[in-house]
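Heads up: the structure comes next, in C-alpha cells.
In the text below, chain A, chain B and the rest are named by the order of the sequence lines, each starting its count at 1. All values reported here derive from a predicted model rather than from experimental measurement.
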Amino acid sequence: MARILITSALPYINGVKHLGNLAGSMLPADVFARFQRLMGEEVLFICATDEHGTPAELAAVEAGQSVEEYCLEQHEIQARIAKGFQLSFDWFGRSSSQANRELTQAFADRLEDAGLIEERTSRQVYSIDDGRFLPDRYVEGTCPSCGYEKARGDQCDGCGRLLDPVDLINPYSAVSGSRRVEIRDTQHLFLLQSRMQDRIRAWVDERAGAWPQLTSSIAYKWLDEGLQDRSITRDLSWGVPVSRNGHPRPGFETKVYYVWFDAPIEYIGATREWAEATGGNWERWWRTDKGAEDVTYVEFMGKDNVAFHTVSFPATLLGSGEPWKLVDRLKAFNWLTWYGGKFSTSQKRGVFMDAALELLPADYWRWFLTANAPEGSDAPFTWEAFQNSVNSDLANVLGNFVNRITRYAQSKFDGRVPLEGEPGADEAWIEGELAQRLPALIAHYQAMDFRKAAAETRAIWAAGNEYLTRAEPWVKYKTSVEASAVGVRTGLNLAALFGVIAQPIIPAAAESILSALGVPPEARSFRFGDPRSCLDALPRGSAITAPPVLFAKIEDTQTADWRVRFGGG
RNA sequence: GGUGGGAUAGCUCAGCUGGUUAGAGCGCAGGACUCAUAAUCCUGAGGUCCCCGGUUCAAUUCCGGGUCCCACUACCA
C-alpha cells in the first residue's frame, strides 16, 4: 500500500472563494484523494485557511471585528462550505494555529543557524494616520513615468510599468486615503536564497522530469533569472511573531514573519494539528528520517503559486538542513474564467462557493468543474455550458440509466437481481468495452488528467445505454423472461459499477446509487476484477430499490434568472 | 518589455517522437426504439488544422517570420 500525502493550495481567509479557486486546487485535490483511497492507498489530505497578512487585517477592520474574531469566523464559514462541497480533507487547519507558529519560528531558527538569514535595512512607506507600514500595493500616487494619477506602488495600471512605491509622486495611502505618508527605514530579515541557487537547481533538475511543462518552465525561469534574497518579515501585528530561539527577537518586537513564509509551512502545521486532534503521527508524513521516505507528496495549486512551491518553499525546507519531505508531483491549473473574463466580487461577476451551494447540490458543480477543469489553458465558465453538461452527462446519460434499469427491475423482476440466464453476445460486447475503458480510466487518474478521467467516466456510462439498446430486455421479455433476465441483471450490475466509478467526482450521487443497489463498502473500490465478474457482482436474488431521481435538469428559466443575479452572457 | 503557453468542426476541446478518408462531447438534421427524467441508440452534415515562407518523397504535426489571445513577472495573497 502506497502512502500519498496530498495538499491543496491554502485558500486565503479574506472571504468566501469563487468557483475558480475551487476548480483550480481544492476540488481536483479532493478528486485525486478520493481516487487514491479507492485504489486502496493510504492517503492524508491536508488543507487550511491562510490567515495572515495585510488583507486579513484590513478586512477585519472593515467588518468591525478584531482580526482574531474575523479569522475564526471566516475559517468556520470556509470549513462549512468545504464540507458542503464534500471536500474530504483529513484536516482543514489554520495557519494561525499554535502548531504553525512553532514550526515557522523553528524553521527561521534553523535557517539562521545555517547562515541563510541576514538583517537588512529597507525603506518602506509608512502611513502616519493609518499607523502602519503600507505594502507596495496599498500605496498609490502619480506614476513618475506616465503621469497616471492612481498608480499603485507595485505597478502602474496606466502604463503597466513596474514601480517602486518610493518613486511615486504625491503618494497617499490606499487604505485611508491619507497623504501623511513618509519613507521610513525598517529592519527586516532576509532569506538568502541567492546562496541556495545551486542546491535548489539541483533539486529541481532531479524532480522536474516528473512535472508538467507549465510547472518546470516556471521553476526554471526563476532559477535562470537568479534567485533573489527575500524579505521574510513584515511590519504587522497579525502573524507569527519574529523570534530567535524561543524569545522575541530584539528590534523585531512589532514584526511578524511574512505570510508567504509561514503559509506553506502550514501544510506541515495542519498535519500537526491533525495529529494532535486524532492521535496520528505527523512526522511519519513529513520527516524522511521518521518514516516519510516512502511517501509520495502531491501538491495542487493555481499556476500563480507554482514558483512558491517549486522554489521558495523548497528553499525553506532544504535550507533548514533537516530531512523534510519535499514535493514529488505537482499539478498546476490555469484559471477558470467567467465568460472569458475575471471573476469579480465588486462587479457581481461570477458565482462564489456559498452561493453555488444555494443554487444546486455540490455534485452538479463538482462534475462540471472536473469535466471542464482549466488544465491545458484557461477555461470559461458559462451558464449554457454548465446547463448542457449537467443535463446531458448527469441527468440523461447517468441518471436516466440508473432510473430506467432499476425501475424496470422493480416492475418486472420484483425488485430483485434476476437469477436466471447466461451471458451472450451483447454481454461480451460490454465486457470488451469495460476491459478497455476501466484501465484507461485508472490511467487518466494516475496521470492526474482530470478532464480525460471525467470524459472516460462519461463514456463508460454511455456504453451502458448502448448495451441496453443492444440487449433490449424489454423486447425479449415478451418471448423469454430468461433472456430478459440476463439483460436486467447485467444492467443492474452496470448501474452499480457506474456508481463506483462516479465516487471521486460526484460522491453524493454515487452513494445514492450504491446504497439503493445494496453495494457494501468493501465492494466499492477501484480494484476492478475482470469485466465478467463486474457484471455479476451483485448477489443474484438480492433486493434492490430505485433511487430517487439523481439529477434534476436545469431549466432555461433557472439559467435566465442566474444570468441576471450573477452576470454572464 | 521579459518568459512561457495557446491559435484544430457553430461551441468547448483531444490529437506521443511528421505518413492512407483529422477525432470526441455538446449543438444541428434525419432515422430507430419505447424500459426510462420527451430520456436512450444509430446515421449524417460541417473544418484552407491562424497567415506567409522553409526543410522533407510527405507537415495540423519540425524550423523561421508575422498576426491575435492568455498567463506569470518574487515582498498582493
Indicate whether OP1 or OP2 belonging to [N] is found under 4.0 Å from a side-chain N or O atom of [X].
X       : N      : result
R470(A) : U40(B) : no
W474(A) : A36(B) : no
Y12(A)  : C76(B) : no
K452(A) : G15(B) : yes

Could you state the atom-to-atom distance from [atom1] of [X] to [atom2] of [N] in whole Å?
X       : N      : atom1 : atom2 : answer
L223(A) : A74(B) : CG    : C1'   : 13 Å
R230(A) : A77(B) : CZ    : P     : 11 Å
N305(A) : C72(B) : CG    : P     : 11 Å
F368(A) : C26(B) : CZ    : P     : 14 Å
F261(A) : A77(B) : CZ    : P     : 15 Å
W222(A) : U73(B) : CH2   : P     : 7 Å
D304(A) : U73(B) : CG    : P     : 7 Å
W335(A) : G5(B)  : CH2   : P     : 19 Å

Task: F386(A) and its ring pair (Phe, Tyr, Trp, His ring centres under 6.0 Å) partner, picked from Y364(A), W338(A), F381(A) - done: F381(A)

Say we look at [N] and [M]: how far apart would their [atom1] atoms be, to the nearest angstrom?
N      : M      : atom1 : result
G65(B) : C72(B) : P     : 26 Å
A45(B) : A7(B)  : P     : 26 Å
C28(B) : U67(B) : P     : 40 Å
C41(B) : A9(B)  : C1'   : 23 Å
G47(B) : U56(B) : P     : 32 Å
C63(B) : G18(B) : P     : 11 Å
U40(B) : U21(B) : C1'   : 30 Å
C62(B) : G25(B) : C1'   : 31 Å

Using a 4.5 Å cut-off on heavy atoms from C-beta on, say whether the side chain of [Y] contacts that of [X].
X       : Y       : result
F92(A)  : C47(A)  : yes
T54(A)  : V175(A) : no
I501(A) : L438(A) : yes

Heavy atoms under 4.0 Å, any strand shown: does [X] hit a base, just sugar-phosphate, or nothing?
X       : result
Y477(A) : nothing
A395(A) : base
V259(A) : sugar-phosphate
P473(A) : nothing
G15(A)  : nothing
D224(A) : nothing
F551(A) : base
R458(A) : sugar-phosphate
Q228(A) : base
N334(A) : nothing
A371(A) : nothing
L550(A) : base
R152(A) : nothing

So what's [N] paired with, Watson-Crick or G-U wobble, going by both distances under 3.5 Å?
N      : answer
G30(B) : C42(B)
A36(B) : none
G47(B) : none
G25(B) : C11(B)
G4(B)  : C70(B)

Any idea which of [options] is nearest the [X] side chain?
X       : options                : result
P55(A)  : C76(B), U37(B), C13(B) : C76(B)
V475(A) : U37(B), U34(B), C13(B) : U34(B)
Y408(A) : C35(B), A71(B), A77(B) : C35(B)
E225(A) : C41(B), A74(B), C35(B) : A74(B)
L227(A) : A74(B), C35(B), C41(B) : A74(B)
N396(A) : U40(B), C76(B), C41(B) : U40(B)
K221(A) : A77(B), G2(B), A36(B)  : G2(B)
Q193(A) : A74(B), C41(B), A77(B) : A74(B)

Do the charged groups of [X] and [Y] touch, with an N to O distance under 4.0 Å?
X       : Y       : answer
R489(A) : E420(A) : no
D426(A) : R470(A) : no
K478(A) : E472(A) : no
D185(A) : R123(A) : no

Task: Residue closer to the 5' end of RNA chain B, N388(A) versus S231(A) (nearest nucleotide) - done: N388(A)

Task: Contact nearer the 5' end of RNA chain B, comparing S392(A) with W461(A) - done: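 Looking at RNA chain B, the more 5' nearest nucleotide goes with S392(A).
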
Task: Flag for S95(A)-N100(A): side-chain donor and acceptor within less than 3.5 Å - done: no

Open item on the list: Looking at the base of A77(B), is there any donor atom on it, or on the side chain of W260(A), that sits under 3.5 Å from an acceptor on the other one?
Closed with: yes

Task: A36(B) base / N400(A) side chain donor-acceptor hit below 3.5 Å - done: yes

Open item on the list: Just to verify, which of Q78(A), E51(A), E266(A) counts as forming a side chain to side chain donor-acceptor pair (under 3.5 Å) with R94(A)?
Closed with: E51(A)

